[in-house]
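Data first, discussion second: the structure below is written as structure tokens.
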Protein chains: 4
Amino acid sequence: MANDLQKPAKMRRQPKQVRSQERVQSILGVAEQLFIESGYDQTTTRAIATRAEVPIGSLYQFFPDKEAILKALANHYFEQEYHLFVKLHTELAEAPIAVYVDRMVDAFDQFATDHPGYRAVLEQLIDLMVVADINTLDTYDPQIIKELAHFLEQRNSSLDSAKCELIATTIVKAVNELLWLSFTRDQIFREQLLAETKTLITAYLQTYQI
Amino acid sequence: MANDLQKPAKMRRQPKQVRSQERVQSILGVAEQLFIESGYDQTTTRAIATRAEVPIGSLYQFFPDKEAILKALANHYFEQEYHLFVKLHTELAEAPIAVYVDRMVDAFDQFATDHPGYRAVLEQLIDLMVVADINTLDTYDPQIIKELAHFLEQRNSSLDSAKCELIATTIVKAVNELLWLSFTRDQIFREQLLAETKTLITAYLQTYQI
Amino acid sequence: MANDLQKPAKMRRQPKQVRSQERVQSILGVAEQLFIESGYDQTTTRAIATRAEVPIGSLYQFFPDKEAILKALANHYFEQEYHLFVKLHTELAEAPIAVYVDRMVDAFDQFATDHPGYRAVLEQLIDLMVVADINTLDTYDPQIIKELAHFLEQRNSSLDSAKCELIATTIVKAVNELLWLSFTRDQIFREQLLAETKTLITAYLQTYQI
Amino acid sequence: MANDLQKPAKMRRQPKQVRSQERVQSILGVAEQLFIESGYDQTTTRAIATRAEVPIGSLYQFFPDKEAILKALANHYFEQEYHLFVKLHTELAEAPIAVYVDRMVDAFDQFATDHPGYRAVLEQLIDLMVVADINTLDTYDPQIIKELAHFLEQRNSSLDSAKCELIATTIVKAVNELLWLSFTRDQIFREQLLAETKTLITAYLQTYQI
DNA sequence: TATGAATGAGACTTCATTCAT
DNA sequence: GATGAATGAAGTCTCATTCAT
């Protein structure tokens, strides 16, 4: 199920009107762009409002503060990412591991392409938590890791649940890092790195007879 | 040889006197702490100066601006990291791959323990470059990757130089990410993750008969 | 028509409300005083805001930076000065030259009395342009000179347009300088200098049968 | 005799050694350039010292503060200007007025060319005095005006001393202003303005049968 | 005497957020 | 509800001048 961090304090009110819906989307879209271009700290709420053609006062009706915009984006990403995995695992429950890894990495790559702000948002979110001395896990429940662990457990029932979560964590983190890196390079290197990522994860999973 | 990004404009002058040396060290040490605690943007130059017990004017005598402090730290890290690798490769030129990976990951772990600001500094450095639209590679030449690639080439001469660099990149990025993650968790998980990282890299390198 | 240097970037927004109008006026008035008392560079934006009883943030809402305050004052002066001349020339189109000069110098004198900051502002404006390596004429179009040249051409049609502009420039600069000087002296000297200025300009214009 | 404001507090010590002499000259020369380029306030004492290749500490041995550099330059100018007039008046005691004006304006023009910082320095000096609420005349004794007044008195003994001083003031100020203006324009306009200045002053002096 | 590292008040400007309209 | 003018704490960095060496 999707992370429901969303309700607590992110939205001051449910956008009921079409206008509001559009504005919220516009704000999030613009914020994503600006966070990528200039970083979270260097992006002003006024800049977001201006570029989104939304009055600054309205922005604060939808989001109680700047952080809420970041969190809304993060949840957006988390949800999409989670659904991606669920779909993948349903389709590839029985597939050979090499095929699974191939499809999974490609899916992640597509996701990163579709959501260029993912990395910037995630990083900043973690920063905020470190600064606030909040354990990341308490607040941002990594659903994808849980989901992947579950998948692994089904493929090799001799692995216990804790071990699977460890493996899943390892995979998710490594893949995310390498994918992000691939986006900072030229197309050729990017494709090579993608292939390499697949090799890395496949070799790793074979160790566990998955 | 060590990365010499250092000279360009990091130090406004070479600290010639002991007092200055101490002050520079103090500033860097304090900055590292504060960047970890609160992040680069949230750390004020005044806070650094105050905690380092150095007048703000003196801080600006050593570093032309806030960014220079970040870069000085980064170079510090890069140099240490590079030397660590060189030493490792000398010692383990002939070691079995499992042993090499074991020692390498442990060394990185030790490095991360000794330099807790490494991650925060590196991330911010990349952010600055993205914002300034500078290619990371043009400015920060990743010496460790070059060094590791060289090592791999020597262990399996059938791999060409480009391939080795690709593999090295993959390893360095994955290991750094997983190690950093391990520091945000409790001791038990931390150790498990360390072991898992070794498994991951070992499996990967075996693919290449290294 | 009045100089419209004004719009380009002087005002961040058009003050629509009475409160804002008053604040802008207050800021300009206070700035004028302080520029006279201490010079432009020595006048801090905070001092202006404080004396004008306007929060510093509001000051920056009306004027993007310190320079904009200077430019707003300058345009204020330029416009008034220009209107003064137009009025004068309409009234004295047929007057004997001695009468014209008498009235003109008096009018300038009155203007200088009413706008004691004129000199300080103009000087600083020119300084800024010199430093920025901007040709004064490109930016600050001296409408008064044009207007006076036009008047002269009408009084003696045998003088060509270029010559008239040259004469006008000579007059405007000389009169301004002598008037400004007169303000730094005691009342007696001041009046003598005023009379002398009239003599100077009258003698000059008689040379050209104007 | 030259203005001797100089001794009171301008020089901390008489440069007795060649090295010191050179340094003082270098400082003054550099200061003149920088004051022209960037204005007095924007010129830092460190910039002067650096460009003059003199240690900042040494600069403060020669000049007690920044203002002293300005005053030293001013006195330099005043002296030169005064000598120029004395020489001129000796040579042209009997010359027809048109010739005298011609030579005088040319001489001033040459002076301005040789001392491009004259205007900037004089203006700043006056500013400082206004700010310090010091009457310009108390401190900067305008020797050239006195000298010119004396010359005029000799040419038309029916004019009393006060009147001559008034006329001299008028001339000196008007000529200086117009010459300075001429330097901000292209060569063609510059020469026309020079000619016009001569016309202006000649017409004026003829009024007094000088 | 000569040097230049050291000092810290203070300059300009920004920005998240509020709240009266 | 919608708006955007208003706020002022706080940030980065500069610079004239001193004084220990």
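Chain A is the first sequence line, chain B the second, and so forth, proteins listed ahead of strands; every chain is numbered from 1.
- One finds a side-chain N or O of Gln61(A) lying less than 4.0 angstrom from the OP1 or OP2 phosphate oxygen of dG1(F).
- Side-chain contact check for Glu67(A) versus Leu128(A): some heavy-atom pair is nearer than 4.5 Å.
- Within the 4.0 Å cut-off from OP1 or OP2 of dG4(F), not a single side-chain nitrogen or oxygen of Ser20(C) is found.
- In this structure, Tyr60(C) atom OH and dA10(F) atom P are separated by 18 Å, rounded to whole Å.
- Between Phe63(B) atom CZ and dT12(F) atom C1' the separation is 16 Å, expressed in whole Å.
- Side-chain atoms of Ser26(D) come within 3.5 Å of backbone atoms of Ala52(D) as a donor-acceptor pair (strictly under, hydrogens ignored).
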Side chain to side chain contact (heavy atoms under 4.5 Å, CB included) evaluation trace for Phe63(D) with Leu70(D): CA-CA 10 Å; Phe63(D) 301 96; Leu70(D) 186 79; over 6 Å; no
Secondary-structure string, 5' to 3', Watson-Crick or G-U under 3.5 Å, | for another-strand partners, for DNA chain F: .||||||||||||||||||||
Report all interatomic pairs (protein N or O, nucleotide N or O of nucleotides 8-11 of chain E) with separations under 3.5 Å.
unit_1  : atom_1 : unit_2   : atom_2 : d
dG8(E)  : N7     : Gly57(B) : N      : 3.2
dG10(E) : O6     : Arg46(B) : NH2    : 2.6

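- As a whole-Å value, the separation of Gln42(A) CD from dG11(F) C1' is 11 Å.
- For the pair Phe62(D) and Ile69(D), the minimum side-chain heavy-atom distance is 4.5 Å or more.
- Residue Asp65(B) places its side chain closer to dC13(F) than to any other of dC13(F), dT7(E), dA2(E).
- The shortest distance between side-chain heavy atoms of Tyr77(D) and Leu125(D) does not fall below 4.5 Å.
- Lys66(A) forms a cation-pi arrangement with Tyr40(A), by the criterion of a distance under 6.0 Å to the ring centre and an angle within 45° of the ring axis.
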Full working for side chain to side chain contact (heavy atoms under 4.5 Å, CB included) between Gln124(D) and Asp127(D): CA-CA 5 Å; Gln124(D) 186 58 43; Asp127(D) 271 18; 4.1 Å; yes
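- No side-chain heavy atom of Glu123(B) sits less than 4.5 Å from a side-chain heavy atom of Phe35(B).
- Nearest to the side-chain atoms of Phe62(B) among the listed nucleotides dA6(F), dT17(E), dA6(E) stands dA6(E).
- A straight line from OH of Tyr40(B) to P of dG11(F) spans 14 Å, rounded to a whole angstrom.
- Taking for each of Leu59(C) and Glu67(B) the nucleotide of DNA chain F with the nearest heavy atom, the 5'-most of the two is the partner of Leu59(C).
- Taking atom CG of residue Leu34(D) and atom P of nucleotide dA16(F), one finds them 12 Å apart after rounding to whole Å.
- Residue pairs that meet the salt bridge (Lys or Arg N to Asp or Glu O under 4.0 Å) test with at least one member in residues 41-58 of chain B, sequence neighbours left out, are Glu37(B)-Arg51(B).
- Distance Arg23(D) CZ to dA2(E) P: 7 Å, rounded to the nearest Å.
- For the pair Ile48(D) CD1 and dT14(F) P, the computed distance is 18 Å after rounding to whole Å.
- Atom pair Ile69(D):CD1 and dT17(F):C1' shows a separation of 12 Å (rounding to whole Å applied).
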